[in-house]
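Working notes, structure below.
Proteins get letters first, then strands, A, B, ... in listed order; numbering begins at 1 in each.
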Amino acid sequence: MTDRLKKQASFDSPDDVYQLIIDMHKGLSDEESQLVNAKMIVLLANHIGDAAIIAEAAQLARDNTLSRHAKETV
Amino acid sequence: MVYVPPSFEPTVPDAVASGQVDKVPVIVVGAGPIGLSMALDLGLRGHNVLVLDKGTQLSDGSRAICYAKRPLEIMDRLGFAAPMLEKGVSWNIGRVFFKDTPDPVYSFDLLPVKDQKFPGMINIQQYYNEEFNIAELEKLDNVELRWGNAVTNVDNRDDGVTATVETDAGTYTLEADWLIACDGAHSPVRKMLEMGFEGETFRDNFLIADVKFKHERPTERHFWFDPPFNPGQSVLLHKQPDDVWRIDFQVGWDIDREEIVKPENVTPRIQAMFGDDIEFEYEWISVYTFNCRQVEHMLNGRVVFAGDSAHLVSPFGARGANTGFQDVDNLGWKLDLVIKGLAGDGLMKSYDDERSHAARINILNSTRSTDFITPKSKVSSLFRDAVLELAHDVECARGFVNSGRLSMPVPYPDSALNTPDRDDWTGGVCPGTNSVDAPVIHDGAEGWFIDHLGWSFTVVVFADEDGISPEMRKHLQAFLQSDVASKVLVISDQQDPEFETLSDCKGLLAERLGAVAGTAYLFRPDQYVAGRWQQAVSARDLIAARDRALGIVEEAA
């Protein structure tokens, strides 16, 4: 696996971007929120346009989650 | 039903009564599209071939209906692509629908790639393919077709095969150098040899209704995800010749297989799609569960597997028969050279390597389509719906919609038959890949590049304004000094005094092959690239590449 996924902070004002993501779900049902998240991933993946980077992000997100929630996966 | 397949008299050879054991070079088991084209390929190369089929009729329904560009090129080499094209339906417009929205999520135009001889895909009933193939076979007196002849035992040895054959009037025995099993998904030969056939059965069923509408409808491929007339499932609609339409309903796992195919139970589904007053007749109704499976080895001693006996895929993407024709294309020239004693040890093994690789790629693609069409988890269902909803408005989401990736030839980048590139290439066709096509002029007549490839090893050389150099001519002449059928094609606007010459009238051939003056390609007899050189190819390069493609030179360590 490559090591090209940017892990340093990109934004001068991360609060704005975080708020944007939260606002994306405003007034939505859980089901709608799930769809919105999925669409967001698809759009951003296409924008990145580099399967190796997407694979790295996918692996990191998955590993991080499994390491925090190891008990639930046993 | 509208269609009644033609049937044939069962053959009872003299050997049944006499007990004589005849020896034949090649037995082909199975007279479906793959067995018939295998017999035609080897028959046209002059080999004596005996085709044995346990049945006495052609395909009992439309079955395999989609034929892609590459198989059409193969059928053209074999001599029956013209009637396929004439009778078949070329379709361009595909539309994908989601839920009850009447306008499509998106539509695509599968216009044939410009300036190539064959379109991307045609639809035609399987029995027409078989009929056209048999018409060509009947012109050959070195190929014999025996209906009602079932192979019941195969003794597979290093030096040949002994087969027991059962007819209505009794059994007889045959000796053969090679036996090619084209006997379908349930391959009795595969079972006799106890060959593994590993893979996956999908817990789902599909109901096929082939119907003939009384009124004409637009020629389009429609695919529905979760439509109101088949909630939670998919439906696929395809046009065939004679106003026959293929409708494929996904029906789930828990069904009564006998009840579901009864016309009175299919009719309400069709009425739900097209309205209660739709007038139609049935041509064929069938239900199937699909498998993605692959035989352990496509080559096993003197028994070779081709077509469905070797690999099964889901129907999404039309990779079944289309893959089988490419098995035939790969096997024909190899077996020909092996029988003639001109091949190295590696050539037959390369059939197994190349076509097993192709089978794995086809299974991968068809499994992915299946997973998109029938999501197996909540989250894959979520992503599928997200993509389908997004695709309506946003172009970039459409590429993710997978209603079947249509059959494309699989390249063999790691084949031992390839000569690796010596030069840096940024375009063109890589070794182990089938040729592109382009318009050319030959003897003053417009035609196609692809028509000049095939059957033999072919060197294609691009000349400059002065034609090919005297030095190059010597190299080419040296290359032709061989028992292995080989030829030279010169690409030039002026006729070469010695070699067959094609004019690249639109400049597309050079563009598509990434060629300049002095560039040479060596094509295998199946129109795949064996090696290529941008400049200064020598006789030694060409002969070494041909030897390698004959399985004579072992892969470099």
For [X], look at atom [atom1] and say whether over 12 heavy atoms of other residues, nucleotides or ligands are found less than 6.0 Å away.
X	atom1	value
R405(B)	CZ	yes
D423(B)	CG	yes
K378(B)	NZ	no
R62(A)	CZ	no

- Query: What distance separates L35(A) CG from D385(B) CG, expressed to the nearest 0.5 Å?
  - Reply: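 Interatomic distance, L35(A) CG to D385(B) CG, rounded to 0.5 Å: 6.5 Å.
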- Query: Roughly how far, to the nearest 0.5 Å, is CG of N46(A) from CD of E395(B)?
  - Reply: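 E395(B) CD to N46(A) CG: 8.0 Å, rounded to 0.5 Å.
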- Query: V379(B) versus chain A, heavy atoms under 4.5 Å apart: side chain, backbone, both or neither?
  - Reply: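 Neither part.
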- Item | Pick from E31(A), H47(A), K39(A) with the largest number of heavy-atom pairs that fall under 4.5 Å of chain B |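 The option with the most such pairs is K39(A).
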- Message: Looking at chain A, which one of A386(B), G399(B), A397(B) has the largest number of heavy-atom pairs inside 4.5 Å, strictly under?
- Response: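 When all of A386(B), G399(B), A397(B) are compared, A386(B) has the most.
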